Amino acid sequence: MPLPANNTPWPPTQLEAITPKLNEWAAWYESNIDSLANVYSKPAGKPKRGVVGNLRRWFWGESRMDLTKPPERKLHVPAAADLCKASSDLLFNEPPTVVVEHEATQKRVEDLTGPDFHSALANAAETTAALGGCFLRVTWEIGLEDHPFLTHVDYDAALPEFLFGRLVAVTFWRVVKTDNQLVYRHLERHETLNGEGVIFHGLYQGTTTNLGRPVPLAEHHSTAGLEVDEEGKISTGSEGLAVFHWPNMGPNRTWRKDPLGQYLGRSDLDGIESLFDALDEAYTSLMRDVRLGKAMLVVPNSLLNNNGPGAGASFGQDEIYSGVNAPPGSAADAKLSIEQIQFAIRVQEHEQTIMLVWNQIIKSAGYSAQTFGDGGDVAVTATEVFAKERRSGLTQGRKARAVRPVLECIVRKLMAVDNMVFNKGNALNAKVSVELADGVKDDPEALARTAQLLSTALAASIETRVRMVNPDKDDNWITAEVERIKAENSLEVLADPDMIGSDSNGLSDQFGVENGDATE
């Protein structure tokens, strides 16, 4: 299928039910208060009965009704961004371990999956947690790098196509230029032709709601250097797509019945938007108490200093005051003196409310309070720390299971493109395995104690105990470590007591057994 036809509505109609929610999550992740106010103050489509009233119950959807009063100074807390950053840190706090069962290819893969590869994954993991997923793309540019590298595209700039939940094609877009009412978009479509991955490129001139018509790629500098054929495509020279779908985790609750959305991943922010809204409202209320808690003096107008015609009156230099109109010498003036007013700042009540909402946010998102440093200052053992981090560990494991097979496919595609573009001799049939570091590591003390108990009970071999204590090491390291332990402790292979004195067939002449026949 080629690029979209002229004058196609854009964003695509297939995303009508998906785009509003992506915009909502993006506003929370980006901590953009203007976007939040816009999302919650404008109902999507024609307002229905009860919709406007429902929207007004959102703190960020409240509009300024009394124009005689100053607008409320709302405070936003970047809690959503903190959740997404924690997700990225749990998955990619350390580089993934990539192993290829081919020595020469392994050395090249180490270059392909170096620091840039790790950085690209860590960055993609944040937006994946926010929007529910992304698309990882194998990219190359001979004048820029001497190897293919990894980039990512977010959900809100992609139109995917699935077959039984498997990605078969995807179209990316980005706005490269706006000129008054004209919008120039670069479209990039990935699909397969006869099993080979190809990439179509097109530059379109349209409006904010219409794709418009295609124009030559040379009309914009960002697309002028693309070396496409007469059909506007580039071949990857290898089997399969050069882009891979990375869902954050599943199942998708929001778009469970949507023809397209059901195959997308679930956002960490899904279902807890109202809690983010309540958290901002609680913080805003606290800061309002702080403002109201400033001392104010109520002063009779007769005590104010006259600053001259047209300059008004004042009282002191830095004081906050309010003048009261009481005629000098009147009964009211006699009773009125300088009075101080200072409202209490309800810090404890607000703090309890804020912590209640925050704890529910991280619980609903699948994390532990300990992950965010909310465990308190009381000293705890490593085992207790691991127990408190368990909820985050389970979420990290679930996300790791989703991304690990994607990364293995990406490494294979990097190797294939490396062969095609850079003439490398990577062994494409070699087995590839990817392991991610544990974001929440097992307690070393507990593992050592378990290994000691197994040794005492003669319930596990040295190799089994070494693998238990070092789950991230490969077979070669495990074998070498077992040999080192045996050498240091002078451990030799012990003979089976039942076989002592026996020949190779398990029989002994000492007991009258010869040539396999027993003597009486």
Side-chain angles (χ1 to χ4, degrees), residues 21-33 35-36 39 60 75-96 115-136 150-157 246-249 264-280 282-283 354-355 357-375 385-386 388-404 406-407 436-441:
K21 202 64 180 178
L22 292 178
N23 291 339
E24 182 182 2
W25 292 332
W28 285 114
Y29 169 66
E30 296 167 3
S31 298
N32 190 320
I33 59 176
S35 296
L36 287 171
V39 165
W60 283 106
L75 180 66
H76 173 65
V77 183
D82 291 340
L83 285 181
C84 299
K85 183 177 182 298
S87 174
S88 175
D89 291 340
L90 286 171
L91 279 174
F92 297 110
N93 61 317
E94 296 179 12
D116 290 343
F117 181 81
H118 179 213
S119 179
L121 289 176
N123 292 338
E126 273 204 35
T127 56
T128 293
L131 302 181
C134 74
F135 296 91
L136 297 174
L150 189 65
T151 57
H152 83 278
V153 180
D154 295 327
Y155 269 179
D156 53 1
W246 173 12
N248 182 46
M249 57 182 175
L264 301 178
R266 188 174 82 232
S267 168
D268 282 5
L269 316 183
D270 185 22
I272 56 178
E273 301 89 347
S274 59
L275 293 174
F276 292 132
D277 191 70
L279 185 66
D280 285 353
Y283 265 103
I354 289 169
M355 289 307 301
V357 176
W358 170 245
N359 288 334
Q360 185 59 49
I361 285 175
I362 58 180
K363 178 181 177 182
S364 298
Y367 297 101
S368 307
Q370 192 77 15
T371 301
F372 298 88
D374 296 337
V385 171
F386 177 74
K388 291 183 177 181
E389 289 272 19
R390 177 170 172 77
R391 180 66 261 179
S392 292
L394 292 175
T395 299
Q396 188 266 350
R398 188 172 187 173
K399 293 187 175 186
R401 289 192 296 272
V403 73
R404 188 181 297 113
V406 177
L407 294 181
L436 283 84
D438 289 334
V440 180
K441 296 183 179 295

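Treat the numbers as computed from the prediction; the structure is a model and nothing was measured. Atom set for the values below is all heavy atoms of this structure, side chains included, hydrogens, waters and symmetry mates excluded.
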Show the nearest heavy-atom pair for residues [X] and [Y], with the distance to one decimal.
{"X": "I354", "Y": "A282", "answer": "CG1-CB, 3.8 Å"}
{"X": "A402", "Y": "P247", "answer": "CB-O, 3.8 Å"}
{"X": "F92", "Y": "H118", "answer": "O-NE2, 2.9 Å"}
{"X": "P78", "Y": "S31", "answer": "CB-OG, 3.3 Å"}
{"X": "K399", "Y": "S87", "answer": "NZ-OG, 2.6 Å"}
{"X": "I361", "Y": "L275", "answer": "CG1-CB, 3.5 Å"}

Pairwise distance [atom1]([X]) to [atom2]([Y]) - rounded to 0.5 angstrom:
{"X": "L150", "Y": "D116", "atom1": "CG", "atom2": "CG", "result": "10.0 Å"}
{"X": "D89", "Y": "Q396", "atom1": "CG", "atom2": "CD", "result": "11.5 Å"}
{"X": "R391", "Y": "I362", "atom1": "CZ", "atom2": "CD1", "result": "12.0 Å"}
{"X": "I272", "Y": "S267", "atom1": "CD1", "atom2": "OG", "result": "7.5 Å"}
{"X": "L131", "Y": "Y29", "atom1": "CG", "atom2": "OH", "result": "8.5 Å"}

Would you say [X]'s side chain and [Y]'s backbone share a donor-acceptor pair under 3.5 angstrom?
{"X": "E273", "Y": "G271", "value": "yes"}
{"X": "S392", "Y": "S368", "value": "yes"}
{"X": "N32", "Y": "A27", "value": "no"}

(message) Please tell me whether Q360 and S364 have a donor and an acceptor in their side chains that are separated by less than 3.5 angstrom.
(response) yes

(message) Does Y283, at its OH atom, have more than 12 non-hydrogen atoms belonging to other residues, nucleotides or ligands within less than 6.0 Å?
(response) no

(request) Sequence neighbours left out, what passes side-chain contact (heavy atoms from CB on, under 4.5 Å) with A124? Give chain and number order. (result) C134, L136, H152, W246

(request) Give the intermediate values and the outcome of side chain to side chain contact (heavy atoms under 4.5 Å, CB included) for residues L121 and L407. (result) CA-CA 10 Å; L121 289 176; L407 294 181; 3.6 Å; yes

Hey, does [Y] have a side-chain heavy atom less than 4.5 Å from the side chain of [X]?
{"X": "L90", "Y": "Y367", "answer": "yes"}
{"X": "L83", "Y": "F372", "answer": "yes"}
{"X": "W60", "Y": "V39", "answer": "no"}
{"X": "V403", "Y": "L436", "answer": "yes"}
{"X": "F117", "Y": "P96", "answer": "yes"}
{"X": "I33", "Y": "D280", "answer": "no"}

(request) Using side-chain hydrogen bond (donor to acceptor under 3.5 Å, both in side chains) as the criterion, list what pairs up with D270, not counting sequence neighbours. (result) T254

(message) Would you call the rings of H76 and W28 parallel, tilted or perpendicular, taking 30° and 60° as the class edges?
(response) tilted

(request) Classify the ring geometry between F135 and Y155 as parallel (under 30°), tilted (30 to 60°) or perpendicular (over 60°). (result) tilted

(message) Just to verify, which of D268, T127, T128 counts as forming a side chain to side chain donor-acceptor pair (under 3.5 Å) with N248?
(response) D268

